[in-house]
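Shown next, in structure tokens, is the structure this report addresses.
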Amino acid sequence: MKKILLCCLLAMFGLMIHAETLSDVRENLWQSFLTPPDSIRVGCYYYWVNERVDPKGVRADLQWMKDNGITLAFLATDIRNRPNWDDPWKGQTFGKNKFQSRLWWKNLRTALKTASELGIEMGIFNCPGWSQSGGPWVKPEEAMRNWTPQGIEVCKTTRGTDVVCSPCSPEAEGLEVDKLSKTHVKKHFEAFFGEILRRIPAKDRPTLTTVVVDSWERGKQNYTDSIYEKFRQRFGYELDYTNEACKKDLDRLIAELVASEYMGGLTEKAHEYGLRTWCEPYAHSPFPGNSITYGSAADEVAAEFWVGDKKFRKKEVDAALGAARKSGKNRVWAESFTDGWPELAKDDWSFEKLKPIADRYFHAGVNASILHVMISQPGNEREPAVRPWFGTYFDRRSAHAADLKPLVQYLRRCNFMLQLGRPYNNATDQRILDDGTIIRFTDDSLFEVTFPDGHQETWNPAR
């Protein structure tokens, strides 16, 4: 009788412990949902446009981000506006923040030091402008080149000018580096990012973590220094550009080299400095690579979605999601709420307008958010706001600035829940935790949480 009583007591005690454990699991998850941990960062693209940048404005920009919950910023240092498509330089005015001038270095140090003081993680685009990887230091023999019947020449655009990093200010513009040569890619990294790391003391940039590579917009190339040797090693016969039978194998080799030499080369250099690479593995122009292998060579991958989209941007999401799954990455970022094409961007956003757009991509597998775009504004509030043709204006001069904080909170909660565990039965909008808890992002944009004992709750990330 005593043994039976003891067993009953132990069983009851076990059930109490189990119930308490489940209660703790529920409460811990609920509290983290309400206030996600610091590791869940909503970020922004942070653009310096037309050299209109000053230290006071930079400090105000970063404080604005922090005040609104943005704790990750990817800085593009030398973006050029383009109000006229037929004549991109017409009507342009520039400020004093000339590329790599004394003021430029002061502004960059101010940005990195202020971000560190505020706990904002920083990334920097790997070259001036946003695409792709180039600058004044790239020589013609180190640039993207093509074989032609007339000889080897630097890649040209459809307008006939050399392929350069773009869109950027005049002093920062330069040839795009050879994407098939790790040697040239690493030299480019040292000329730009390496110089930043040498010039800005480590104590002023402890939160600088990321080398950013935007979407591919620089077209194709078919030649590099050792292309004949690489082709022979890969396929066992000689490359002949005049032989159409070689084309399929050459295209395959180029795609492999874009992943291993270009993205792989950037990642190797980033790792040497304790940094990571973040890339968008899709193209807005002819792409000579393979999105899956290309994205797999980076540490982080991202899709993109636009405010004015009338259809789902499947290409971008498939590229990022495929690369993430192939290489075991849990996070799938998205450059979020791009705007301005084909019309000029307008400051007309709201939380209610943007939320359902984000939800569509959360269902598709996106689970980390980068806002496009935060434009650096002058420190003197009496000066006019900087307003380029692109982006949703999330900066401190936006007419809808009051909506930023609730939007960021909503995105953080969704990011947190959708980064937990692993995809459940390959469903991109459902996750399963190690303890068996299932999280489902419902069609009406709520989180349905089913705990191991079958208990179910519905949580609203917009509350």
Side-chain angles (χ1 to χ4, degrees), residues 42-83 91-99 101-125 128-130 167-169 172 207 212 307 335-340 344-351 354 370-408:
V42 169
C44 66
Y45 272 15
Y46 176 39
Y47 284 174
W48 291 357
V49 176
N50 278 26
E51 302 170 346
R52 291 181 58 189
V53 185
D54 62 80
K56 182 179 179 181
V58 167
R59 285 190 291 268
D61 295 336
L62 289 158
Q63 187 64 58
W64 166 252
M65 295 178 205
K66 181 68 174 183
D67 291 345
N68 286 276
I70 294 174
T71 55
L72 172 66
F74 288 167
L75 171 62
T77 58
D78 296 271
I79 300 294
R80 169 172 50 85
N81 202 0
R82 191 177 186 176
Q92 298 279 35
T93 57
F94 293 88
K96 299 179 180 179
N97 191 55
K98 304 300 181 185
F99 179 59
S101 65
R102 181 175 297 182
L103 177 59
W104 190 93
W105 284 110
K106 180 179 181 180
N107 283 325
L108 183 57
R109 185 171 183 174
T110 298
L112 294 174
K113 186 173 182 179
T114 303
S116 298
E117 292 168 351
L118 294 173
I120 297 174
E121 186 178 333
M122 290 289 290
I124 299 177
F125 281 63
W130 70 57
C168 58
S169 56
T207 61
V212 180
V307 171
E335 178 186 344
S336 307
F337 313 118
T338 305
D339 200 3
L344 299 182
K346 298 181 290 294
D347 191 10
D348 63 351
W349 67 277
S350 66
F351 176 84
L354 300 187
I370 294 281
L371 302 180
H372 185 281
V373 63
M374 191 76 65
I375 302 297
S376 183
Q377 299 298 329
N380 183 349
E381 295 294 319
R382 292 180 300 223
E383 292 185 27
V386 179
R387 287 289 170 251
W389 63 267
F390 51 79
T392 297
Y393 302 146
F394 292 112
D395 58 73
R396 53 193 167 85
R397 302 286 289 275
S398 170
H400 301 275
D403 271 12
L404 181 56
K405 194 166 187 175
L407 176 66
V408 171

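FYI, side chains are in, hydrogens and waters are out, and symmetry mates aren't considered; it's all heavy atoms of this structure. Computed from a predicted structure; not experimentally measured.
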(message) Ring of Tyr393, cation from Arg387 - is the NZ or CZ under 6.0 Å from the centre and inside 45° of the axis?
(response)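 Flagged: Arg387 positioned over aromatic ring of Tyr393.
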Nearest atoms (heavy-atom pairs only) where [X] meets [Y]:
| X | Y | result |
| --- | --- | --- |
| Ala76 | Gly129 | CB-O, 3.9 Å |
| Val373 | Gly391 | CG1-CA, 3.8 Å |
| Arg397 | Ala385 | NH2-N, 3.5 Å |
| Pro384 | Pro378 | O-CG, 3.9 Å |

Going by the rule side chain to side chain donor-acceptor pair (under 3.5 Å), which residues pair with [X] if we only count those two or more places apart in sequence or in a different chain?
| X | answer |
| --- | --- |
| Glu383 | none |
| Lys98 | Glu51 |
| Gln377 | Asp395 |
| Ser398 | Asp347, Trp349 |

Should [X] and [Y] count as side-chain neighbours, where that means a heavy-atom distance under 4.5 Å?
| X | Y | result |
| --- | --- | --- |
| Trp104 | Phe99 | yes |
| Leu108 | Leu75 | yes |
| Ile120 | Met65 | yes |
| Trp48 | Val58 | yes |
| Pro388 | Ile79 | no |
| Leu72 | Ile370 | yes |
| Lys106 | Pro55 | yes |
| Asn97 | Asn107 | yes |

(request) Answer with yes or no whether the side chains of Gln92 and Asn81 bring together a donor and an acceptor at under 3.5 Å. (result)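 Gln92 and Asn81 do not have a side-chain donor-acceptor pair below 3.5 Å.
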(request) Please round to the nearest 0.5 Å and tell me the distance separating atom CG of Leu407 and atom CG of Leu371. (result)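 If I round to the nearest 0.5 Å, the distance is 6.0 Å.
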(request) To the nearest 0.5 angstrom, please state how far the CE atom of Met374 sits from the CG atom of Leu62. (result)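 Met374 CE to Leu62 CG: 9.0 Å, rounded to 0.5 Å.
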(request) Report yes or no: does Asn68 contribute a side-chain atom to a donor-acceptor pair with the main-chain N or O of Ile70 at less than 3.5 Å? (result)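 Not confirmed, Asn68 side chain does not pair with Ile70 backbone.
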(message) Donor-acceptor pair, distance only, cut-off 3.5 Å: does the side chain of Arg80 make one with the backbone of Ser169?
(response)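 Pair absent, no side-chain N/O of Arg80 close to backbone of Ser169.
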(request) Start with the C-alpha gap between Ile375 and Tyr45, add the side-chain angles, then the distance that decides, and say whether side chain to side chain contact (heavy atoms under 4.5 Å, CB included) holds. (result) CA-CA 8 Å; Ile375 302 297; Tyr45 272 15; over 6 Å; no
(request) Can you sort out the partners of Phe337 under ring-ring contact (aromatic ring centres under 6.0 Å, His included), two or more places apart, ordered by chain and number? (result)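 Scan of Phe337 (ring-ring contact (aromatic ring centres under 6.0 Å, His included), adjacent residues dropped) gives Phe305.
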(message) Going by ring-ring contact (aromatic ring centres under 6.0 Å, His included), name the residues that satisfy it together with Phe390, two or more places apart in sequence or in a different chain.
(response)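 By the ring-ring contact (aromatic ring centres under 6.0 Å, His included) rule, Phe390 matches Tyr47, Trp130.
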(request) Given side chain to side chain contact (heavy atoms under 4.5 Å, CB included), test Phe74 with Tyr46 step by step and report yes or no. (result) CA-CA 6 Å; Phe74 288 167; Tyr46 176 39; over 6 Å; no
(request) Sequence neighbours left out, what pairs pass side chain to side chain donor-acceptor pair (under 3.5 Å) with at least one residue falling in residues 399-408? (result)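 Matches after skipping sequence neighbours: none remain.
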(request) Output all residues satisfying side chain to side chain contact (heavy atoms under 4.5 Å, CB included) with Thr338, sequence neighbours left out; order by chain, then residue number. (result)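 Side chain to side chain contact (heavy atoms under 4.5 Å, CB included) check on Thr338 returns Glu304, Trp306, Glu335, His372.
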(message) Just to verify, what does Asp339 make a side chain to side chain contact (heavy atoms under 4.5 Å, CB included) with, not counting sequence neighbours?
(response)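 Side chain to side chain contact (heavy atoms under 4.5 Å, CB included) check on Asp339 returns Val307, Thr392.
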(message) Enumerate the salt bridge (charged side-chain N to carboxylate O under 4.0 Å, His left out) contacts for residues 54-79, please, sequence neighbours excluded, ordered by first and then second residue.
(response)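 Salt bridge (charged side-chain N to carboxylate O under 4.0 Å, His left out) check on residues 54-79 returns Asp61-Arg396.
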(request) Just do the side chain to side chain contact (heavy atoms under 4.5 Å, CB included) check on Glu121 and Thr71 with the steps written out, would you? (result) CA-CA 6 Å; Glu121 186 178 333; Thr71 55; over 6 Å; no
